[in-house]
**Q** 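Attaching a single structure in structure tokens format; questions to follow.
Residue numbers start from 1 in every chain, and the chains themselves are labelled A, B, ... in the order their sequence lines are given, proteins ahead of strands. Here the structure is a predicted model, which is why all the values come from computation and not from measurement.
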Amino acid sequence: MALSGLEIYKLLPKTNCKECGFPTCLAFAMKLAAKQVELDACPYVSAEAKEALSAAAAPPIRLIKLGSGRREFQIGNETVLFRHEKTFFNKPGLALRIKDTEPAEEITAKVETVHTYGVERVGIEMTFNAIAIENASGDADTFARTVAAARAKTDLPFVLMSNRAEALKAALAQEGGHKPLLYAATVENWEAMAEVAKAGGVSLAVRSRDGLDELADLTTKLSNAGIADLVLDPGSRDLAGSLAQLTQIRRLALKKNYRPLGYPIITFPGEVASSEEEEVVAAAQYVAKYAGIIVLDHFDPAVAYPLLTLRLNIYTDPQKPISVDPGIYEFNHPGADSPLLTTTNFSLTYFSVAGELDGSGIPSWLLVCDAEGMSVLTAWAAGKFDAETIAKAVKTTGVAEKLNHRKLTIPGHVAVLSGELEDELPGWEIQVGPREAVDIPAYLKVWKQ
Amino acid sequence: MPGTVEIPKEKWTGAIRQVTLGATADQGGSRARTVTVGGETTLPFLFFEGAIPNPPVIALEVQDSYPADWSPVLLQAWGDALRDPATWARKAEELGADLIMLRLRGVNSNGQLTTTAQATATVRAVLQATGLPVIVRGPGQAERDNELLVAVAEAAAGERLALGLCEDKNYRTIVAAALAHGHLVIASSPIDVNLAKQLNILISDMRMPLDRVLMDPTTGALGYGLEYTYSVMERLRIAALTGDSMTQQPMICFVGEESWRQKESRAASGVPAQWGDLEKRSVTWEIVTATTLLESGADIVVLRHPKTVGVIRNTIRKLMAQ
Amino acid sequence: MCGLWVYEMGTSDERRNRKAIVVFKPGGQVIEVEIGTLLSEAAVLAGVPLNLPCGGQGRCGRCRVKIEHGSVSHRGGVRLSTVDREQGWALGCQTVIKGDVVVLIPEQEKIEVEFKPRVVGAERIAIAAEFSGELDPSIRHVYLRIPPPSLADQTSDWDRLRRELVLQHGIQNVSASLSTLRTLSRDLREAEWNVTAVLDMGDPILDPCAHPRLIDLLPGDQTDRCYGVAIDIGTTSNVVYLVDLRSGRVIDRASAYNAQIQVGEDVISRIIFAQKQDGLQRLQRLVIKTLNGLLEELTTRNQIPPRQISKAVVAGNTTMIQLFLELDPRYIREMPFIPTLSQPLPVTAEEVGLAINPQATVDCLPVVGAYVGADITAGVLASGMYDTDALTLFIDVGTNGEIVLGNRDWLITCACSAGPAFEGSGVRHGMRATAGAIEEVWIDARTYEPTCQTIGNLPARGICGSGMIGLLAEMFITGIIDKAGKIRRDLPTPRVRVGDHGGEYVVVWANQSAVGTDIVINEVDIENLLRTKGAIYAGFSVLVRSVGVELADVEQVFIAGAFGQYINIEKAIQIGLLPDMPWDRFHYLGNTSALGAFYALVSRPMRRQVVEIARKMTYLELSADNSFYDQFMSALFLPHTDLTAFPSVIRLLERTGS
């Protein structure tokens, strides 16, 4: 169970010695509570306190690493049920499944497509993370050959899928040491699977056909057998059932610290989908609701791009202030003679200014500056909304080209910037607008070029 | 050795209010049927710990004049139906919509301001063309909204329309009109839990019964703030279930409007090849936005593309399967 | 609101038909009324109307009367204690006549004087002019009769002085500055070897290397004249206490606006100004000019030569301290917000330019961080919260709101940019708490007519902090503004109108004000006030939660700041500035920064305690805490978005029907 800062503080030496790098024991305790620092940083912590605190500190969902080199990705280690509580840390890996019964050239083409696919959004390159190869043929040699052929085309990690341990063993030999995931240990085969996973030093997925009891039973056995890196497949495939199961697993792990289910989860949105759209819907649900790996059966950039975007969105740190994109915004179809105002990119600042500009009915331009998502006064106090920032925004957006005039209205709260800004923007006249957004319409009514 | 895993259940103390849109002839309106949303006593689709008496519903957007600025994908999918709000609404009903969301743009295709008479005529035509309950939104500019919606409220008295959008700066007139003529209102706030709650309180302080208030948390489309909306909705829903009375309104999301505004839903050329085919991509954009918001508590999703309606209807059916 | 009245009227026909005689003293008016009539109505009929500033809702307590004889029943009466009741006090607007009654109407001024503390909710604790602990200033005056030198004893003057300090007083290792030494020989001889040595003994417990320093040599025995000053450098106003170090008493005090205001109202503007050419020097000179003005006022008025002031202890926020010492405050503003030092070293008056003894010690108290300064360490000292088991919340409402939570074991603090609204700035007709400032307002819930009380009972010039709180609360409770702070435009009163900044409410008409124009409050003012109170409420909410406790766990709340002569706790709760708690948990302490500096001046143990306080305090940076923004948005509402956190306010709203 998580301890509050004060509870932890009571276990610390309370000497305020500062050797941990924080000014006081309480500050250190609060960092510990937020899991932003390790207890080891305190040189004087008692053994008793250590024991009490380490129980609270262990990650409730095990961190699993798959792949190697630039393709390595990690899943698990999540600490919250809802992203607003802190953030979701490790994005679920997206994989495309191929079967060893498919024609070789099709397999090669699919592998190449996934291998090369990458799409950029807000400066971040988004890619798929793995290829799942299923032993649909049931034949170990075919499976191993397919794995070898795929490996020749990509360094992406594999999810090797078979219910036969020997097939996985054969495939593992061809896999090339890129930390694959074996899928899956079941009630029937778990001992053999454990052996293969152990020998290969790789992670193992566990599949239940009978709900969470069976799943917990299996993971306990495997854990006792020395397999630490597990991934769960609780068995449900339908939307409602898997939503319930995945939610229950996450809750058990986080709220009850229930170790047998404290692992990331693998999902297969395509398995009960009757169309590609249904698969997308299920995949979207899994991105938001607790999957660690999502294995798709179709690949189309027109679908991959939205899904990758969703994953990026959901895994964005919500503790960052809500901001709007910096740039030029238009209100009421402005022209070259319309006034130009500026503000920061904090969303509520933007919304209140935009609301007034729009509501005034008067055509205008709004230059939204990148002030790291801070409001006008906060940004100004922190030096993020100064003459330099505004001048830079004026220059980089090329807003001047849209205007016949060279007049810029700044918020009344930063009237002090006007002199400096006129130095930074030669030829421009800096006008001081109202302090409050509510006064903007009145200001615009009398605004003259 | 673990025996049976004990499933942790939340003991929620609150419930979402049930809100009924539309009124039949018996109830003083002219709708063929009414639509009730809300009533949940658990987080979205978690049947193992609570009830979801009413499934989320789908509204299709209809506009009072030809939406020439819409994505070519939409213009093609709807064809000439877009030229007449009544025809458009009829087709929307055929496609399986539960509600019609009529958006009064406030200007006709020639750029002239619509009069209150024209607006009320459009609303009457849509009401005649369909038996579904209707949501009516104004142009989004305070003065025009008040002018048109007051007239609409009066002209459609008793129909239990949902009128919107009420915002913190402009809610009194619309709420008063809805109160006087037996309609609902949509309270809209900019992606903020506190602002959403504050507006509900202000509207409630005007003696508007809260079972006549829908909440619009402001929709961010996929890639354009979806995660903010998602989290604000989760927080509002958790607050509601925890017993916070002023957050217990059903939520409406204008998915289509936001999703189809984006470049991803409009641009066929001049975009990276990795974006894929425009039509498939744009429809997926709307599907993914709608699905994600349903998962975070949307009670009404307002859509635009005919194909999305089918997919989302199927999704809701599957999510409601216990 | 008249439900109860109807009920009482309707209980018995017999009662309705019966009449009662009411006699009003001291005027002797007599009136016959029906039983069930309100006393306030009877008073109107008798031609002696009671003062009903709140419109007869039982909120303001200004219609207090004393029932000398007779039978009445009371409705509400939050304003009356049991003792009041027993003594016969009643609220005219809440008292129903049951039979013949004799009523005493007290003089209005008496009501104000006698009942203000209780109406206010938390009594104003007068700033202690004396220090109650053991006096132990670092300054010592010792009288020496020094054997003059001779051919037989050619010891140098300085060694001779040091020798005698050891022999006569046991004071060793005394040092002196060159400028003191320059006049030493002359001073000794002019005083004919009978001198008073003024020494700063330092504090060997705090600094083992500390040794006594000779500040001055005065002729003859002047051990009875030993003075110091405690200085609070606020962003807006500066305060100086003149202290007699022998008695430990504050002899006099003076305050003035900080002259730095001319280059910027807030800390950030000053930091920016300091970056300009000569900006830092100008700012330093401006504050010294202000302080020297105050020192001159005090020394002249009390006929004390500045030379006899041997020590100054200075408190103030971190930026003010740095500007006072002419230390560049630039990095206070920039992330990660670092001050030059947290424990300033003692300097001499000469070095900073203070017009007291040039060798006097100038001791700035320690700071915690960039935005929690010596004003707060001094405040915590003055409040005594560092020495209690009770979980205590300390709120200093200034241009920056600083908050401290804790007790004997731990202290955590944060700062939020509150804005100067409660100091009278940023609000159109705001002013400081000086003569003519409206400090208390009641609004009649039926007519929307206000009743204002001003400082000094002069025609109103503006509204000070306590007046703002009262005004906002009254406008809210009477429904002139909604919970979002927007003025209802449809009220039947000419006082509500639309001005340049949206809706506005006329508090005082031009012909009754001292400024010749209407005194109004508008929606932009209200927004500013909401932001200020919201920031402060959010600040302590986050602080309390950051350590995992709840607001309700807080056992006492100390309030410091410049609202005015007092703060009306009830109204501060109504607007959601303070948490909804029993009033007796609140204590208004006034200027705790100056008070803490005073304590540190007269007591070395207290001075050591400030160091311990600064060391112990944990600073929470709100800009690194995303829950602050959430809490802030939640607090931008009246009283708060979470209405359940303000049950007493909700009950009042239900009772008044607004």
**Q** Using non-hydrogen atoms and a 4.5 Å limit, figure out which bit of A442(A) sits close to chain C: side chain, backbone, both or neither.
**A**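 Neither the backbone nor the side chain of A442(A) comes within 4.5 Å of chain C.
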**Q** What pairs with Y505(C) under ring pair (Phe, Tyr, Trp, His ring centres under 6.0 Å), at least two apart in sequence or on another chain?
**A**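 Testing Y505(C) for ring pair (Phe, Tyr, Trp, His ring centres under 6.0 Å), a comparison that skips the adjacent residues, returns none.
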**Q** Report which part of N16(A) has an atom under 4.5 Å of a heavy atom belonging to chain C: side chain, backbone, both, or neither.
**A**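 For N16(A), backbone and side chain are both near chain C.
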**Q** Give the member of P23(A), C25(A), A29(A), G383(A) that has the highest number of heavy-atom pairs under 4.5 Å with chain C.
**A**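 Highest number of pairs under 4.5 Å: G383(A).
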**Q** Do you know which two heavy atoms are closest between T24(A) and M617(C), and how far apart they sit?
**A**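 Closest approach of T24(A) to M617(C): CG2-O, 3.4 Å.
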**Q** Above 12 or not: heavy atoms from other molecules or residues under 6.0 Å from NZ of K486(C)?
**A**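 Counting other residues, nucleotides and ligands, NZ of K486(C) exceeds 12 neighbours.
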**Q** For the residue pair V416(A) and F273(C), establish whether any side-chain heavy-atom pair is separated by less than 4.5 Å.
**A**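 Side-chain contact under 4.5 Å: no.
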**Q** Heavy-atom cut-off 4.5 Å, strictly under: side chain, backbone, both or neither for R545(C) against chain A?
**A**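 Neither part.
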**Q** Going by ring pair (Phe, Tyr, Trp, His ring centres under 6.0 Å), name the residues that satisfy it together with F88(A), two or more places apart in sequence or in a different chain.
**A**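 Ring pair (Phe, Tyr, Trp, His ring centres under 6.0 Å) list for F88(A), sorted by chain: Y315(A).
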**Q** Could you tell me the separation between the NZ atom of K14(A) and the NZ atom of K616(C), rounded to the nearest 0.5 Å?
**A**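 If we round to the nearest 0.5 Å, K14(A):NZ and K616(C):NZ are 11.0 Å apart.
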**Q** Is the CD atom of Q275(C) crowded by more than 12 outside heavy atoms at less than 6.0 Å?
**A**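 Result for CD/Q275(C): enclosed.
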**Q** Report which part of Y443(A) has an atom under 4.5 Å of a heavy atom belonging to chain C: side chain, backbone, both, or neither.
**A**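 Nothing of Y443(A), per the 4.5 Å heavy-atom cut-off to chain C.
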**Q** Please report the interatomic distance CD1(I412(C)) to OH(Y9(A)), rounded to the nearest 0.5 Å.
**A**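 Rounded to the nearest 0.5 Å, the CD1-OH separation comes out at 10.5 Å.
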**Q** Can you tell me which portion of E527(C) sits under 4.5 Å from chain A's heavy atoms? Options are side chain, backbone, both or neither.
**A**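 Contact with chain A is through the side chain of E527(C) alone.
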**Q** Taking side-chain contact (heavy atoms from CB on, under 4.5 Å) as the criterion, tell me which of D409(C), L620(C), V547(C) meets it with L26(A).
**A**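 Exactly one candidate clears the test, V547(C).
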**Q** How many angstroms lie between CD in E420(A) and NZ in K276(C), if you round to the nearest 0.5 Å?
**A**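 The NZ atom of K276(C) is 7.5 Å from CD of E420(A), to the nearest 0.5 Å.
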**Q** For T15(A), which atoms come within 4.5 Å of any heavy atom of chain C: side chain, backbone, both, or neither?
**A**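 Contact with chain C: backbone only.
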**Q** V549(C) versus chain A, heavy atoms under 4.5 Å apart: side chain, backbone, both or neither?
**A**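 Contact with chain A involves the side chain of V549(C) alone.
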**Q** First locate atom CH2 of W410(C), then atom NZ of K10(A), and finally report the distance between them rounded to the nearest 0.5 Å.
**A**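 Rounded to the nearest 0.5 Å, the CH2-NZ separation comes out at 8.5 Å.
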**Q** So which of K384(A), K18(A), M30(A) has the biggest tally of heavy-atom pairs under 4.5 Å with chain C?
**A**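 So the answer, after comparing K384(A), K18(A), M30(A), is M30(A).
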**Q** To the nearest 0.5 Å, what is the distance between CD1 on I268(C) and CG on L377(A)?
**A**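 Result: 10.0 Å between the selected atoms.
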